[in-house]
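All chains are named by letter (A, B, ...) in the order of the sequence lines, taking the proteins before the strands, and each is independently numbered beginning at 1. All values derive from a computational prediction rather than experimental measurement. For the numbers below, each heavy atom of this structure counts, side chains included, while hydrogens, waters and symmetry mates do not.
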Amino acid sequence: MTNQVFSDVVREFKGDPSELIPVLQRVQAADGYLSSDSLTRISRWLRISENEIYGVATFFAQFRFTQPGEHIIKVCLGTACHVKGGEQILEVLKRRLDVQPGRATADGKYQLERVACLGCCALAPVLSIDEKVYGETSVLRVHQMIEERENRENA
Amino acid sequence: MRTLEAQRNRAIQAWNELQNNARPLIYIGAASCGLAAGAAEVIDAIRRYLAERRKEADILKVGCIGPCYLEPLVDIQMPGNPRVSYSNITPDLVKQLFNSFFENGEVFKPHLVGHFGLNGFADAPKFFEHPMLARQVRIVLRNCGIIDPEKIDHYLARDGYKALEKCLSMPWSDVLEMVKASGIRGRGGAGFPTWRKWLVCRETASDMRYLICNADEGDPGAFMNRSLIEGDPHSVLEGMLIAGYTIGACKGIIYIRAEYPLAIERLKSAISQMRELGLLGRQILGSDFDFDIHIKEGAGAFVCGEETALIASIEGRRGMPRTRPPFPAVSGLAGKPTIINNVETLGTLPNIIRNGADWYSSYGTETSKGTKTFSLVGKVRRTGLIEVPLGTTLRNVIDDVGGGSAKGFKAVQTGGPSGGCLGEEFLDSPIDYESLAAAGSIMGSGGLIVLDKNTCIVDTAKYFLNFTQAESCGKCVPCRVGTRHLVDILEKISHGHGEISDIAKLERLAVTIKGGALCGLGQTAPNPVLTALKYFRGEFLAHIIDKRCPAAVCRDLVIYRIIKDKCTGCQRCVKVCPTGAITGPRSEAHNLDLSKCIKCRSCYEICRFDAIAGDAIVIESGV
Ligand SMILES: Cc1cc2nc3c(=O)[nH]c(=O)nc-3n(C[C@H](O)[C@H](O)[C@H](O)COP(=O)(O)O)c2cc1C
Ligand code: FES
């Protein structure tokens with residue numbers, strides 16, 4: 001966390017221990033993850049032990065502790081997406097990008113994540129790349145999407 | 001006391017002008033589902049079309065009107081004509097669609113859904129007579145897809161905040177009486193009578209009370225709350241004011257999952273508009289009621305939908321439930337009396353107050369009053385968000401509203417990870433709290449996931465148990481260890497290593513967990529397994545005895561095969577196979593090396609949708 005981000009956070013919040021989760025969310029929004037340096041600074045500021053902060057942060061699925069890839073691909077594995085083949089989409093992405101869920105690709109370009117539901121279940125199977133959600137995907141479309149991105153980059 | 005009379009009259013006038021404008025009015029479903037289907041690209045294409053031809057039109061971005069499978073929906077209201085709805089509009093279709101009005105003055109037949117007029121129009125059917133909508137009664141969803149959710153004036157023009165005005169002129173006890181007489185029960189899952197917990201909270205002496213709106217919507221596969229907030233945020237916020245007034249709270253918190261960025265944005269803008277009109281803060285509308293609302297984003301934990309875990313996470317701790325009593329209505333957030341209500345419960349309140357308890361309770365059954373929203377998804381033809389009176393049968397919902405399953409109905413899953421799978425024999429049961437509980441499932445928050453003959457029940461049960469096992473907070477042993485064991489046994493069965501004694505083990509374990517777990521998560525987690533075993537035992541036996549997955553889903557029990565006679569050798573599958581398992585020269589039947597095949601389905605799909613042969617690759621049960 002840069003000094004700038006930290007001073008912004010200190011300004012935006014009261015510094016009350018009950019604000020821990022919103023503070024962590026704010027820092028992750030700025031940095032993309034929670035570095036151990038960030039956690040140390042938050043610990044001193046909110047007067048909560050680092051242990052306890054780790055306890056809270058690891059409890060929730062949202063928080064990451066490693067630098068994510070540049071683009072975040074979230075594959076929905078909610079019930080609707082599961083019955084419509086979400087697992088296979090994840091499988092194809094794992095192979096194609098050579099990465100496990102929760103990790104970034106070797107070149108740092110993509111982060112692969114599994115999520116419980118993106119709220120577009122009627123259009124299952126669903127995945128999102130960064131902010132954009134794609135409905136009615138298929139193994140086939142995923143191949144195409146990655147190819148299109150690669151072509152665009154190589155062009 | 002002040003009313004919003006003047007503001008509302010202005011809003012009504014503006015709404016009427018918009019409707020009777022000399023320019024065409026275009027409605028586009030731009031909720032998350034519409035956007036996922038490509039609504040943003042369609043809006044761009046429409047803007048380009050209008051600019052190129054120097055035409056003027058008003059574009060209204062509305063919420064989800066329900067039939068998500070028809071998204072992107074574009075509705076066009078030409079001056080003097082009713083609003084006409086068109087489905088599955090892509091950017092490429094925009095030109096054709098609009099040319100048909102502007103140049104030929106005709107409706108665009110190929111994608112026509114229906115019109116919103118009171119009388120007939122150009123041979124088009126009525127939108128609300130569409131098979132997906134005909135059976136629905138839209139009370140809580142009445143504004144979704146009709147108004148621009150970012151404009152408080154649209155809400156006001158449709159009787160918005162009238163219920164609040166009415167409440168503020170009544171003693172709280174009269175409001176409570178109305179809610180009691182309406183018979184509404186909590187829509188978040190358990191179906192507890194809303195008035196009863198309110199009364200406990202109100203009667204607990206305290207200097208401070210809290211109201212929390214539970215928008216965590218943790219059931220994966222359900223999106224009713226998201227849709228309501230995105231499509232009509234003020235109905236939920238008005239409901240919060242009504243609840244807050246009745247229970248004597250002055251602080252409201254909306255606990256909403258972070259996966260819903262658009263809903264959060266809508267709430268933020270709605271709250272700031274409320275502030276401008278004096279609907280939040282001190283002495284609301286000149287009464288002595290003070291109330292403010294804050295948003296808290298959840299951080300991704302299913303158990304945080306449970307009341308005490310939710311409170312722990314708002315307080316900045318791990319979201320772990322505690323034993324009850326004391327119930328939150330007596331001692332909740334910061335130890336103060338706290339009421340937690342679901343989004344839909346709150347969104348329904350203004351309708352009850354405005355139209356009366358008798359009107360509301362005329363819908364539904366003896367013990368389950370009113371309407372309920374459901375997310376109708378999975379293997380059903382018409383997917384989307386629906387609202388039907390409680391007591392409607394599952395058959396009416398799945399067949400009439402949903403159009404049935406194309407590949408043969410097998411079961412419907414209600415209540416998400418806390419519910420169960422009900423088969424054909426339950427299709428004529430009414431959807432109400434008691435009937436679903438008697439069948440071993442629950443109403444839950446409203447997820448209805450249809451499973452067809454190509455869905456495996458063992459796999460579905462395993463899916464849910466994997467979910468609850470991963471989401472178990474770990475505080476109590478029955479849930480932490482028990483769900484792990486259930487998953488292990490189900491894994492074993494789905495891999496073809498099951499033994500007949502596993503069935504009794506599953507059943508014993510399930511009953512132990514139900515009886516021993518600390519919170520609702522563990523107490524209901526075994527329901528998917530128990531109902532699956534009860535109603536689909538044969539499918540378990542097929543996996544265990546014959547080592548066969550009848551639905552051809554469980555990976556270790558299926559094989560992929562190329563039908564040589566059908567394969568034209570187009571090489572599409574060779575290209576997509578990630579492991580190089582398929583080989584063969586062009587124009588000759590290809591070969592599949594089973595030892596390399598990881599059963600990822602890529603070849604199957606490409607053969608079905610893109611290849612010349614079409615169905616040369618099959619997935620079969622058997623090893
Ligand atoms: C594990 C678990 C998850 C839950 N998830 C939700 C949820 O996502 N949304 C919700 O409104 N209620 C959820 N509930 C139910 C709530 O705890 C609570 O009963 C409900 O919000 C009360 O509101 P109501 O009376 O208006 O239904 C959950 C309960 C449990 C045990
Ligand atoms: S289950 Fe995938 S979006 Fe809801």
For this session: Any chance you could lay out the side-chain contact (heavy atoms from CB on, under 4.5 Å) test for E87(A) and L77(A), step after step, and finish with the verdict?
Result: CA-CA 7 Å; E87(A) 300 282 349; L77(A) 296 173; 4.1 Å; yes
Exercise. Which atoms of I314(B) come close to chain A, meaning under 4.5 Å heavy atom to heavy atom: side chain ones, backbone ones, both, or neither?
Worked result: backbone
Exercise. D459(B) versus chain A, heavy atoms under 4.5 Å apart: side chain, backbone, both or neither?
Worked result: both
For this session: Among the options E71(B), E41(B), Q413(B), E471(B), pick out the one with the most heavy-atom pairs lying under 4.5 Å from chain A.
Result: E41(B)
For this session: Please determine, among G474(B), S375(B), A222(B), the option with the most heavy-atom pairs under 4.5 Å with chain A.
Result: A222(B)
For this session: Tell me, for E315(B) versus chain A, whether the close heavy atoms (under 4.5 Å) come from the side chain, the backbone, both or neither.
Result: backbone
For this session: Could you tell me which portion of A40(B) (side chain, backbone, both or neither) has an atom closer than 4.5 angstrom to a non-hydrogen atom of chain A?
Result: neither
For this session: Might you point out which heavy atoms bring S602(B) and V139(A) nearest each other, and give the distance in Å?
Result: OG-CG1, 3.0 Å
Exercise. What option among C600(B), G218(B), A470(B) has the most heavy-atom pairs under 4.5 Å with chain A?
Worked result: C600(B)
Exercise. Under a 4.5 Å heavy-atom cut-off, does chain B meet the side chain of A124(A), its backbone, both or neither?
Worked result: neither
Exercise. H71(A) vs Y110(A) aromatic rings, parallel, tilted or perpendicular, using cut-offs 30° and 60°?
Worked result: tilted
Seminar exercise, completed: Taken to the nearest 0.5 Å, the spacing of E230(B) CD from Y260(B) OH works out to 8.5 Å
Problem set entry | Intermediate values then yes/no, side-chain contact (heavy atoms from CB on, under 4.5 Å), Q144(A) and R141(A) | CA-CA 5 Å; Q144(A) 285 166 350; R141(A) 251 194 89 196; 3.7 Å; yes
Exercise. From L123(A) CG over to F223(B) CZ, what is the distance, rounded to the nearest 0.5 angstrom?
Worked result: 8.0 Å
Exercise. Is it the backbone or the side chain of A258(B) that comes under 4.5 Å from a heavy atom of chain A, or both, or neither?
Worked result: side chain
Seminar exercise, completed: One option among G416(B), G447(B), G298(B) has the most heavy-atom pairs under 4.5 Å with chain A, and it is G298(B)
Exercise. Given that the side chain runs from C-beta out, which part of R317(B) has a heavy atom under 4.5 Å from chain A: side chain, backbone, both or neither?
Worked result: backbone
Seminar exercise, completed: CG of L24(A) to CG of L46(A), rounded to nearest 0.5 Å, is 8.0 Å
Exercise. Based on non-hydrogen pairs under 4.5 Å, which of M320(B), R382(B), R608(B), R226(B) is most in contact with chain A?
Worked result: R226(B)
Exercise. Between A80(A), G119(A), A61(A), G78(A), which has the largest tally of heavy atom pairs under 4.5 Å with chain B?
Worked result: G119(A)
For this session: Measure S313(B) against the heavy atoms of chain A and call it side chain, backbone, both or neither at under 4.5 Å.
Result: both
For this session: Counting only heavy atoms closer than 4.5 Å, note whether C304(B) contacts chain A via side chain, backbone, both or neither.
Result: side chain
For this session: Check whether I606(B) gets within reach of chain A through its side chain, its backbone, both or neither, counting any heavy atom under 4.5 Å.
Result: both
Exercise. Using non-hydrogen atoms only, which part of K296(B) is less than 4.5 Å away from chain A: side chain, backbone, both, or neither?
Worked result: side chain
For this session: Below 4.5 Å from any heavy atom of chain A, which atoms of V303(B) appear? Answer side chain, backbone, both or neither.
Result: side chain
Problem set entry | Identified side-chain contact (heavy atoms from CB on, under 4.5 Å) counterpart of C120(A) within the set S32(B), C64(B), C68(B) | S32(B)
For this session: Examine whether an atom of R257(B) lies under 4.5 Å from a heavy atom of chain A, and if so say whether it belongs to the side chain, the backbone or both; otherwise answer neither.
Result: side chain
For this session: Under 4.5 Å heavy-atom distance to chain A, tell me which part of F467(B) shows up: side chain, backbone, both or neither.
Result: side chain
Exercise. What residue, out of T383(B), T579(B), L35(B), has the most heavy-atom pairs lying under 4.5 Å from chain A?
Worked result: T383(B)
Seminar exercise, completed: Cut-off 4.5 Å, heavy atoms of chain A, and the answer for F464(B) is side chain
Exercise. For E91(A), is it the side chain, the backbone, both, or neither that has a heavy atom closer than 4.5 Å to a heavy atom of chain B?
Worked result: side chain
